[in-house]
Number of protein chains: 2
Amino acid sequence: MLSQKTRYAIRAMQHLADRYGQGPIPLTDIAEKQNIPAKFLTVILSELSRYGIVASQRGKDGGYWLGVPPIDITYGDLIRIMRGSLALVPCASRFAHETCKNCLEEKDCRVRALMLQVRDATANLLDGVRLADRIDPVPAADGLEAADDLEVG
Amino acid sequence: MLSQKTRYAIRAMQHLADRYGQGPIPLTDIAEKQNIPAKFLTVILSELSRYGIVASQRGKDGGYWLGVPPIDITYGDLIRIMRGSLALVPCASRFAHETCKNCLEEKDCRVRALMLQVRDATANLLDGVRLADRIDPVPAADGLEAADDLEVG
DNA sequence: AGCATTGTCAACTTATCCGATTGAGAATAA
DNA sequence: TTATTCTCAATCGGATAAGTTGACAATGCT
């Protein structure tokens, strides 16, 4: 799962991308329209600005804006910044590889083999969509099917 | 990320799948060979047996075995059992849908639209691989590439 | 019967992380 | 000089995760 913080970060970036070129956007505007606790958002935006993908100005008429054109930021980038990796297990990360605790040796690990595939499929998708891209929301009721064989999840 | 518990569960199930039809496998055998704390493994196995996919017998020569043929259990099933969902956000789960806290309305949420795609790609993969399938581990040094544009993750 | 073996289960602990807030401060513009 | 707006470190409460303890129940062996 993505953390709440990561979800906030993505929505904040979408908000700024939608307003790219319109000058500084005040934090309270983002917080209100995106339903994000304002104080928490300061933590998130300052983290994002350390990566240069958000810029800011203080004082009257200050605010935040994208430090990079929205076509140059992929959703994969955002998730990697906020959570370190796209992978489902540490040993399946390509850019932030770590050995998993209490695992088998990597050369024997079948979980890893599978999770590398999942990571690649995820990356293919998320590195191909950019903040500048239009994304059509999916109606809420859709996306639900009958339960599967084991009746879980 | 998958929890440690989920990773243990998957490896324990692989262990049992590898020995399917060979009678009860004692917990200590699984724990030692799979490098899982024995007492914690009891918690995991008892959880799995509540779903019927693991069976057990007590006493001398007792142990655990798969309650279902390994060809009938997918990795997607296992992850759903252990963590509830394959999705990266609650609102993008197909079998365990929940609205995300502090989000926009689902009909307006672009994060959800994207994460539904990720969930589907993940499910396509993980529901297509079964415990009975042979998986070739990937050599440890492989899978690493140069850093990406933003030098993160 | 008696004992060793092996799984069952609830309760508990401990550590870590997450989400969020507090509060003092610094830049900017009017 | 005042209001506005971002900056940043420290902290807090609660949830979750990982793992342990300890009492108990079933099974098979002698």
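Because only heavy atoms are used, hydrogens play no part in the values below, and waters and symmetry mates are left out as well, while side chains stay in. Throughout, a chain's letter reflects where its sequence line sits, starting with A, and its residues are numbered from 1.
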> What are the bounds, 5' to 3', of the part of DNA chain C that sits under 4.0 Å from heavy atoms of chain A?
Replying inline: dG19(C) to dA29(C)
>> By nearest heavy atom, map L41(A) and G62(B) onto DNA chain C; which one lands nearer the 5' end?
In response: G62(B)
>> Among residues 5-15 of chain B, which ones have heavy-atom contacts with DNA chain C below 4.0 Å?
In response: none
> How many Å lie between CD1 on I44(B) and P on dA18(D), as a whole number?
Replying inline: 9 Å
> Looking across every strand, which nucleic acid part, if any, lies under 4.0 Å from L45(A) by heavy atom: base, sugar-phosphate, or nothing?
Replying inline: nothing
> Are R7(B) and Q4(B) close enough that a side-chain donor and a side-chain acceptor fall under 3.5 Å?
Replying inline: yes
> Once you round it to whole Å, what is the distance between P of dT21(D) and NZ of K39(B)?
Replying inline: 9 Å
>> On DNA chain D, compare the nucleotides closest to K101(A) and L27(A); which residue's is nearer the 5' end?
In response: L27(A)
> What is the distance from CG of D29(A) to C1' of dC6(D), rounded to the nearest Å?
Replying inline: 15 Å
> Is there a donor-acceptor contact under 3.5 Å from the side chain of N35(A) to the main chain of C103(B)?
Replying inline: yes
>> Nearest whole Å is fine: how far is dA18(D) C1' from N35(B) CG?
In response: 14 Å
>> I want to check one thing: is the phosphate of dT5(D), taken as OP1 and OP2, less than 4.0 Å away from some side-chain N or O of S56(A)?
In response: no
> Side chains of Q57(B) and W65(B): does their closest heavy-atom pair fall under 4.5 Å?
Replying inline: yes
> Tell me: CD of E47(B) to C1' of dA17(D), nearest whole Å?
Replying inline: 12 Å
> What is the distance from CH2 of W65(A) to C1' of dC6(D), rounded to the nearest Å?
Replying inline: 11 Å
> Taking the side chain of Q4(B) as its heavy atoms from C-beta onward, which of dG19(D), dA25(D), dT5(D) lies nearest to it?
Replying inline: dG19(D)
> Could D18(A) and R110(B) be called an ion pair, given the rule that one side-chain N must be under 4.0 Å from one carboxylate O?
Replying inline: yes
>> Quick check for you: among dC29(D), dC6(D), dA25(D), whose closest atom lies nearest to any side-chain atom of R58(B)?
In response: dA25(D)
> Do the non-hydrogen side-chain atoms of L2(B) and I79(B) ever get within less than 4.5 Å of each other?
Replying inline: yes
Please output the side-chain donor-acceptor pairs of residues 133-140 of chain B that fall under 3.5 Å, not counting sequence neighbours, one pair per line with the distance.
{"from": "D133(B)", "atom 1": "OD2", "to": "R130(B)", "atom 2": "N", "distance (Å)": "2.7"}
{"from": "R134(B)", "atom 1": "NE", "to": "D136(B)", "atom 2": "OD1", "distance (Å)": "2.9"}
{"from": "R134(B)", "atom 1": "NH2", "to": "D136(B)", "atom 2": "OD1", "distance (Å)": "3.0"}

>> If we check side chain to side chain contact (heavy atoms under 4.5 Å, CB included) with I73(A), which of these qualifies: V54(A), L16(A), V68(A)?
In response: V68(A)
>> Between P on dC6(D) and CG on D61(A), what's the gap in Å once rounded to a whole number?
In response: 11 Å
> Mapping S49(B) and P37(A) onto DNA chain C by nearest heavy atom, which one lands closer to the 5' end?
Replying inline: S49(B)
> Does some side-chain heavy atom of D29(A) sit less than 4.5 Å from a side-chain heavy atom of R19(A)?
Replying inline: yes
> Going hydrophobic residue to hydrophobic residue with side-chain gaps under 4.5 angstrom, can you get from I81(A) over to M1(B)?
Replying inline: no
> Within this structure, what is the CZ-to-P distance between F40(B) and dA17(D), rounded to whole angstrom?
Replying inline: 10 Å
>> What I want to check is whether the side chains of S3(B) and T6(B) have a donor and an acceptor closer together than 3.5 Å.
In response: yes
